Structure formats: structure tokens, C-alpha cells
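Okay, structure first, notes after.
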Amino acid sequence: MTTTRVDDVTRAPSAEPRPQTPGGGEPGEPTAPPITLRRVLAPVSGKIALTALAGVIAAGFSLLPAIAVTALAEGAVAGTLTPRAAWLWLGAVVVGLTLGHLIGMSSTSWAHIVESAFRTELRLTIARHLSRLPLGWHTNESSGRTKVLITEDTTAIHSLIAHFGTDLGAAVGGIVLGFAYLFTRSWQLATVLLVWVVLLLVFTAAAMALAQGTVNEDYLEGMKRVGSSTVEMVDGIATVKAFGLAGTVFRRFDDALDQYTDAAYRYMKGPGRPIALLGALVSPAGMLVPVLLAGTWLAGLGVLRPVDLLPFLLVGLGLPSGLLNLLMLANQVTLGVEAAGRLGALLSEPVLAEPEQPAPIRRDADGGVSVELDHVSFRYGARDGEDPLPLAVEDVSLRLEPGTVTAVVGPSGSGKSTLVRLIARFWDVESGSVRIGGTDVREISSAELLSHLGLVLQEGGTLADTVRANIALGRPGATDAEVEAAARVARIHERVLALPDGYDTVLGSEGAHLSGGERQRIALARVFLADTPVLLLDEATAQADAHSEREIQQALARLAAGRTVLVIAHRLSTIVDADQVLVMDHGRLVERGTHTGLLAQGGLYAKMWRAQQ
Ligand SMILES: Nc1ncnc2c1ncn2[C@@H]1O[C@H](COP(=O)(O)OP(=O)(O)OP(=O)(O)O)[C@@H](O)[C@H]1O
């Protein structure tokens, strides 16, 4: 079995891992050369060359039957054909046909084996890279785009490895060897044929260039617009309908389809015509006319024996269509180059720097783990060419003690979610440091860090799997009883039992749709089961109704014992008992204290509290 490692594709020349920012590398650091198709295919380029050679050899054998039939005909016409020679030439026909096919097929089959191993390794490389990217990258990136990369783009590269070499060798070999043979039979007719084909190609190219105009861009633009309006229609169908915008969106889809159809029609009338004409003229039927006309003319002049027309009919008619194959292969390369560009962009995304000698997270005497932020500032990465974004978190220092609940509140966009995500090292800070159990998160391995943190994010995050599997994600190998116990604490057990198959119900399947608040309670059960010393809850009760919110609060209160808990809260009534309330505004920590203390201060918290009463 052939195995091919494609890790090299991702390796930058510098051995040092690049420091992490959400928008890309640090300014001034050396950048790795762009990942091109050549680099992606480098591990298998030798094998592709071998298949191309096999294609040339197969083309040579495929020529043998025509040579043999011509020799047979010549012998028969001249009356010199002996039975032995006839059998030999017949044998050559069989050998040529058999070996031509066998070599071509074997080469393609072997290329498929090579490609399959390469694609598996490439997908693994992508998956490994995805797993090493910062969590923040995954929150920004659409899963649809990643899916296209892993499935469709690796498939575009499939054609290049599995078919390209053999097809290219066969096409080029067929044309070169075929013309070489024809030149040995009659250089005059071969020259006429060659000039005819070259003229056809030149005229087609000129006609296409004249008819081109903007039709190609319109065609591509139309295709893109149909794609984006389809996604818009399908993805946002609920919102679109709720706001009565279905007509507008369908109209956009309709317009895009019209533009696409119009461009396709103009393409067929414009550049499509010379291509169709070329296809007809270089087909074997189309080639019959120039071969017969020129052949009879040259025979009339006495420079061509009638028997010499035979190889032109057997070989010459099929040669130009090999050129069309070459055009299709060029298209495959274009698609492969685009796919490699997208894969390259993903594989160049800087990974989260892992410490060379990871430090452990220290627990206190009771097993608790503290969390500290020391003058932390952070900004999101701006897109290329744009001005840097303002700081999303600015000079924040705080300490979360084991056994306490800290609430983070503040207006929308004040930096609460960013703060929580920095603790889980979704991204690295711009300045300052985040310490868990006294150790900087950059010195802790990702696995160690995440095994100490229980995260419940705004989205809840359930997978299309059974309820049991969704909860057991918190602790793989947990028993059914442990899963149920966690669900009871998260106040979701009764609801799960009401599902069609209880804990075995696959979420998202028929009759198994949970509300936002219920999905968050599943996520909470997962965190309870994981039993981590630090809990980070981003609006964990935002989607719950008043009743379930109270239940979750009670559950949280039980869970908080001995743990370090940080909760982002929108409804201030839920956090009046918190040990510490932090108030964020424009990325800064502007107030801190207890609920009563902050109310007495009469600042932003007091204002928010009054607004909610
Ligand atoms: N991925 C991102 N890229 C760029 N800017 C971002 C990104 N995520 C958040 N921001 C910006 O960072 C700032 C802080 O956002 P954050 O989500 O932390 O606020 P928040 O207080 O949690 O808001 P909310 O209460 O509405 O959830 C905002 O100005 C926001 O627009």
C-alpha cells in the first residue's frame, strides 16, 4: 500500500511556531511561501510523472495496430505478404491493443491508489491543522466553507493525481508519436494535416477572443450570484419568511438565475460557437474531408501511393481530438490551482503555539483553581489592508477565587464574551497575561487547559447525536447513571424522558427539537459531568424562561461549591447573590463589587439595574 505524507505542505521554512493573533501573523515576522499546487502535489509529483510516462508508452502500443494493418495492406497490395508475416502482424495488432489498454488501465488504477492514500493524508493534515487552530478561528469561520475545503477541494486535486498523468501522457504521446509515424509514411500529407489543425486552432482562438467581450465575467458572476442567493434563501429562510421578505429574496434568486441563463445563452452564441465548430471539424468525421481531399490531390500528383492513405485514415483521423483532451486537462489544472490556493490559505492559518515544556495547572489545598487576568489587553485582527480594530478588552486585571461566583455584566459589545474567551485561550492576549492556577495559559498545553475548564457558550452547542452522547462529551466513558445524574442537576432529565427515545433520541431528528434554553441545559449537564474546577458560562441562562432560569440558578449554586465560576449575565436579577460583580464598558473594567455595594455606588451598574426594574 502506498502511503504519502503531505505534512511538508504545511511546514514553513522557519522552525519556530508563529505567534498567534486572530487576524494573522505578527507584523514583521517572516512569512512562509504561498502554498501552490506544485507544493501540494510535490510528494506525488514523481508518481504523476511515472503515470505520464506510462500514458506515452500506452499511446505507443495503441499505435501498433494501425502500423500492423498498414503493413498487412502494403504486403497484400504488393503481393509480398507471406503467411508468417501475416501472423506476425496480426500478433502485433493483438499485442498493441492489449498492452495499450493494459498499461493505460494499470497506470490509472495505480494512480487511484496513490491518490486515495494522498487524499486521506491531505484530509488528515487539514483535520490536524484545524484541531491546532485557535478556538477563536472556529468561532469566526463558517463550517460550510471548511466542508467545501475538505470535500470538494480535495476532490479537485483527485483528478490531477488519479487521471492527469496518464491522460496527459496518452494525449501528448498519441499526438507526437502519431504525427511522427505519419511523417514517415508521407511527409507531404502529414504536413498538410498538421497545417490544417494548427490553422483551425488559430482561427478558433481568434474567433473566441473576438466574441469573448465580457461574457466570461458575466457568466462567472452569474454563477456566483446564483450560488450566493441560493445559500441566502436556504440559510435564512426562517428569518426571511418571518419578516415577509420571501418575495424580495426569491426575486433576487430569480434575477440571478436570469443573469446566469442570459450569460450562458450569450456564451453559446459567442465563444461557444467557434468551440462547437472546432469540435465538429476535428472529430474523425470532420477530419475525413481534409484527409481525403488532400490525399487524392497528392495521389493525383503522384507523390502519395494510395496504400499510404491507410495510416492517415487509421491514425490521422483520431489525432486532433487528442488536442481537445489537452484543453480539458488544462481546465482540470485551473480547478486544481484554485483548490490548492484555498487549501493553502487554510493550511497557512497560524496554529496555536503549544509550549515546548508544558507547565501543569496548580490546585490549592482544597483542589480549587484560581483564575487571574493581569493587565490584559486584546484586539481582534483587522482584515488585510484595514486599519487595526480598537481594543476589545483594555487593561483588565481581576482575580477569580475558587469557591466563588463572579458575574460579568455590561452593555452589549462591552467585551464580556471576549474576556471569557481569553481565559479559555480562544486567542492569545496582545499584552498582559491570563493565569490559571498561577500558570500563564501560554505555558499550559491545550489539552491540560481545556480539561480544567467547563465552557457553556451562548450557542449551547449540541451535536446531531443522541442526548446521551451529547452529555457524555463532558466525560467520555461516563456510565448511563452518571449521564442521568448530570441531566438531573441541570434540570433537563424530565424533558429528555419526554423525547421519543429518551436518552437515545438523536437531537435534531424528527420530534427531537429542543428549545434554546433546553439546549443550554444539555450543555450545562455536559459541564456538570466534566466536573472541571473552573466554569465559564457565557449567558448560560440567556435563552431560558423565568422558571427554568430559576432552576438553572439553583443548579449552578450547587455546582459552584469549591469551583471557580465566571458567569456572563444579561438579567441582573440572576446575579444578585454573586460574590463579585464586574462591570465592563467599552472593553474596560469600570466597576467591581457586590450587588448591594455597586447599587450604593450609583454608577453604571446602578443605572443598568434601574433600567431593568
Ligand atoms: N470575531 C470578532 N472580530 C472582530 N470584532 C469582534 C469579534 N467579536 C467581537 N468583536 C467586537 O469586540 C467587541 C466586544 O465584543 P463582545 O462580543 O466581547 O461583547 P459582549 O459584551 O459580549 O457583547 P454582547 O453582550 O452583545 O454579547 C465588540 O465591539 C464587537 O463588535
Side-chain angles (χ1 to χ4, degrees), residues 20-27 130 133-146 346 349-350 352 371 373 376-398 400 406-432 434 441 453 455-461 516-517 519-520 523 535-544 549 565-575 578 580-592 598 603-605 607-609 611-612:
Q20 246 307 281
T21 59
E26 293 288 299
L130 284 175
L133 287 174
L135 281 169
W137 184 88
H138 295 278
T139 55
N140 275 1
E141 196 59 26
S142 106
S143 52
R145 253 183 47 149
T146 313
L346 173 71
E349 283 289 338
L352 197 68
V371 174
L373 268 69
V376 164
S377 292
F378 170 81
R379 77 178 81 233
Y380 288 97
R383 273 179 298 193
D384 284 345
E386 286 181 0
D387 292 337
L389 296 175
L391 287 170
V393 168
E394 189 176 353
D395 196 24
V396 169
S397 297
L398 56 90
L400 313 177
T406 302
V408 185
V409 301
S412 181
S414 56
K416 305 181 293 291
S417 301
T418 309
L419 189 79
V420 170
R421 283 165 162 79
L422 286 175
I423 296 174
R425 207 185 168 201
F426 272 52
W427 304 283
D428 277 340
V429 297
E430 182 171 305
S431 60
V434 176
V441 286
L453 302 180
L455 273 169
V456 179
L457 300 177
Q458 283 180 17
E459 308 80 34
R519 279 202 302 275
Q520 281 210 324
L535 289 182
L536 304 173
L537 311 170
D538 190 346
E539 302 191 351
T541 57
Q543 303 190 47
E549 182 182 307
V565 183
L566 184 68
V567 196
I568 292 182
H570 272 174
R571 274 177 278 189
L572 303 186
S573 56
T574 61
I575 48 125
Q580 178 181 212
V581 178
L582 306 172
V583 187
M584 299 280 295
D585 193 19
H586 291 101
R588 300 187 71 98
L589 188 49
V590 289
E591 289 170 23
R592 75 178 82 197
L598 289 173
L604 180 59
Y605 183 82
K607 211 165 109 193
M608 287 169 64
W609 175 261
Q612 287 193 8

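Ligands are counted one by one from 1 in listed order, and the atoms in each one are counted from 1 as well. Given the structure is predicted, the values throughout are model-derived calculations rather than measurements.
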**Asked** Quick one: which of Val583, Leu604, Val409 gives a side chain to side chain contact (heavy atoms under 4.5 Å, CB included) with Leu598?
**Response**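 By the side chain to side chain contact (heavy atoms under 4.5 Å, CB included) criterion, Leu598 pairs with just one of Val583, Leu604, Val409: Val583.
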
Quick one: pull up [atom1] in [X] and [atom2] in [Y] and give me the separation to the nearest 0.5 Å.
{"X": "Phe378", "Y": "Leu373", "atom1": "CZ", "atom2": "CG", "answer": "12.5 Å"}
{"X": "Trp427", "Y": "Thr418", "atom1": "CH2", "atom2": "OG1", "answer": "6.0 Å"}
{"X": "Met608", "Y": "His570", "atom1": "CE", "atom2": "NE2", "answer": "7.5 Å"}
{"X": "Leu537", "Y": "Ile568", "atom1": "CG", "atom2": "CD1", "answer": "9.0 Å"}

**Salt bridge present between Asp428 and Arg425 (N-O < 4.0 angstrom)** =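 Salt bridge between Asp428 and Arg425, a charged N being under 4.0 Å from a carboxylate O: yes.
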
**Item:** Best match, Ser412, Ala392, Gly413: closest heavy atom to atom 29 (O) of ligand 1
**Value:**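 The nearest heavy atom belongs to Gly413.
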
**Prompt:** Where the closest heavy atom to atom 4 (C) of ligand 1 is concerned, which of Tyr380, Phe378, Phe426 has it?
**Reply:**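 Shortest heavy-atom distance from atom 4 (C) of ligand 1: Tyr380.
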
**Prompt:** Purely on distance, is any nitrogen or oxygen of Leu389 under 3.5 Å from one on ligand 1?
**Reply:**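 The answer is no, given that Leu389 and ligand 1 share no N or O pair closer than 3.5 Å.
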
**Message:** Trp427 versus ligand 1: do any nitrogen or oxygen atoms come within less than 3.5 Å of each other?
**Reply:**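 No: no nitrogen or oxygen of Trp427 is under 3.5 Å from one in ligand 1.
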
**Asked** Should Arg421 be listed as contacting ligand 1, given a heavy-atom distance under 4.0 Å as the test?
**Response**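 Arg421: no contact with ligand 1 (<4.0 Å).
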
**Prompt:** Below 4.0 Å from any atom of ligand 1, is there a heavy atom belonging to Gly410?
**Reply:**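 Outside the 4.0 Å threshold, so no.
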
**Prompt:** Can you list the ligand 1 atoms lying under 4.0 Å from a non-hydrogen atom of His570?
**Reply:**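 By the 4.0 Å cutoff, the relevant atoms are 25 (O).
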
**Request:** Please could you name the atoms of ligand 1 that Thr418 approaches to less than 4.0 Å, counting only its heavy atoms?
**Result:**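 Under 4.0 Å from Thr418, ligand 1 has these atoms: 14 (C), 15 (O), 16 (P), 18 (O).
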
**Request:** Compare every heavy atom of Arg592 with every heavy atom of Leu398, then report the nearest pair and how far apart it is.
**Result:**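 Distance-wise, the nearest heavy atoms are CA-NH1, 3.8 Å.
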
**Asked** Is it the side chain, the backbone, both or neither of Pro411 that has a heavy atom closer than 4.0 Å to ligand 1?
**Response**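 The backbone, only.
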
